[in-house]
Student: 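Quick one: structure below, then a few questions.
Residue numbers start at 1 and run along the sequence shown. Note that the structure is a prediction, hence the values are computed from the model and not measured. Only heavy atoms go into these numbers, but all of them, side chains included; no hydrogens, no water, no symmetry mates. First listed ligand is number 1; within each ligand, the first listed atom is number 1.
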Amino acid sequence: MRFESARRALLQKRRSLLGRHAQVIQLENELYGDARAEPDLPDVAADHAAAAVLDKLSDAELYQLKKIGTALERIDSGTYGVCVVCGKKIVRARLNVLPEADRCTTCHNSH
Ligand SMILES: [Zn+2]
């Protein structure tokens, strides 16, 4: 896989973004108990936890999550690393710093 390191960086970023909030929710559940938890239905509980995490995210974090998701899709579809505006390759140094980038530096700065 050509962009394996970028994929790993993106997944790591997403995990840390969600993980921060998952810890808060876990702490809240420990403090107050979670009356809504359904121990016999782990899948439902997991969905509930995921929804609770998304609920806590700020707009900026949701935006970043969306960008990360799109970048992962672009790795799969083979369009990753190409600027969505001008179609030129995004330099590797930029992708290393910002793996979810979908624009080259020139197009990014012109916005
Ligand atoms: Zn561009």
Side-chain angles (χ1 to χ4, degrees):
M1 176 66 68
R2 195 164 151 233
F3 289 111
E4 193 53 39
S5 64
R7 181 200 293 272
R8 270 203 302 274
L10 287 162
L11 291 174
Q12 174 67 38
K13 232 173 159 167
R14 184 159 71 178
R15 209 174 303 133
S16 71
L17 204 63
L18 292 172
R20 212 180 320 145
H21 295 278
Q23 277 173 6
V24 171
I25 289 162
Q26 201 183 353
L27 195 66
E28 283 176 352
N29 287 346
E30 281 171 14
L31 287 174
Y32 307 116
D34 190 2
R36 296 157 303 181
E38 297 275 356
D40 294 336
L41 296 167
D43 288 346
V44 173
D47 283 351
H48 175 78
V53 169
L54 289 178
D55 209 45
K56 296 232 176 226
L57 293 173
S58 67
D59 286 349
E61 287 171 326
L62 280 174
Y63 178 73
Q64 204 188 0
L65 262 190
K66 210 176 134 198
K67 298 274 278 190
I68 291 170
T70 308
L72 286 167
E73 280 170 21
R74 280 156 54 80
I75 290 177
D76 286 339
S77 65
T79 56
Y80 180 77
V82 175
C83 175
V84 292
V85 178
C86 69
K88 286 181 190 155
K89 273 191 181 172
I90 303 172
V91 291
R92 182 55 76 108
R94 176 163 164 75
L95 291 174
N96 285 343
V97 178
L98 198 69
E100 69 270 37
D102 58 5
R103 282 177 192 165
C104 69
T105 318
T106 312
C107 293
H108 177 77
N109 290 338
S110 70
H111 277 270

Student: Of Asn96, Val97, Leu98, which is the lone residue that meets side-chain contact (heavy atoms from CB on, under 4.5 Å) with Arg94?
Tutor: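 Exactly one candidate clears the test, Leu98.
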Student: Check Cys83 against Cys104 and note the closest heavy-atom contact, atom names and distance.
Tutor: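 Smallest heavy-atom distance, with atoms named: SG-N, 3.4 Å.
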Student: Roughly, to 10 degrees, what angle do Cys107 atom SG and Cys86 atom SG form around the Zn ion (ligand 1)?
Tutor: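 My answer is 110°, to the nearest 10°.
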Student: State, to 0.1 Å, how close Arg103 and Val85 come at their nearest heavy-atom pair, and which atoms those are.
Tutor: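 Here Arg103 and Val85 meet closest at NE-CG2, 3.5 Å.
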Student: Would you say the Zn ion (ligand 1) has His108 as a near neighbour, meaning an N/O/S atom of that residue under 2.8 Å away?
Tutor: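 It does not: His108 brings no N, O or S atom closer than 2.8 Å to the Zn ion (ligand 1).
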Student: Just to confirm my numbers, could you give the angle made at the Zn ion (ligand 1) by SG of Cys104 and SG of Cys83, rounded to 10°?
Tutor: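 Value, to the nearest 10 degrees: 120°.
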Student: For Leu10 and Ala71, work out which heavy atoms get closest and say how close.
Tutor: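 Looking at all heavy atoms of both residues, the closest pair is CD1-CB, 3.7 Å.
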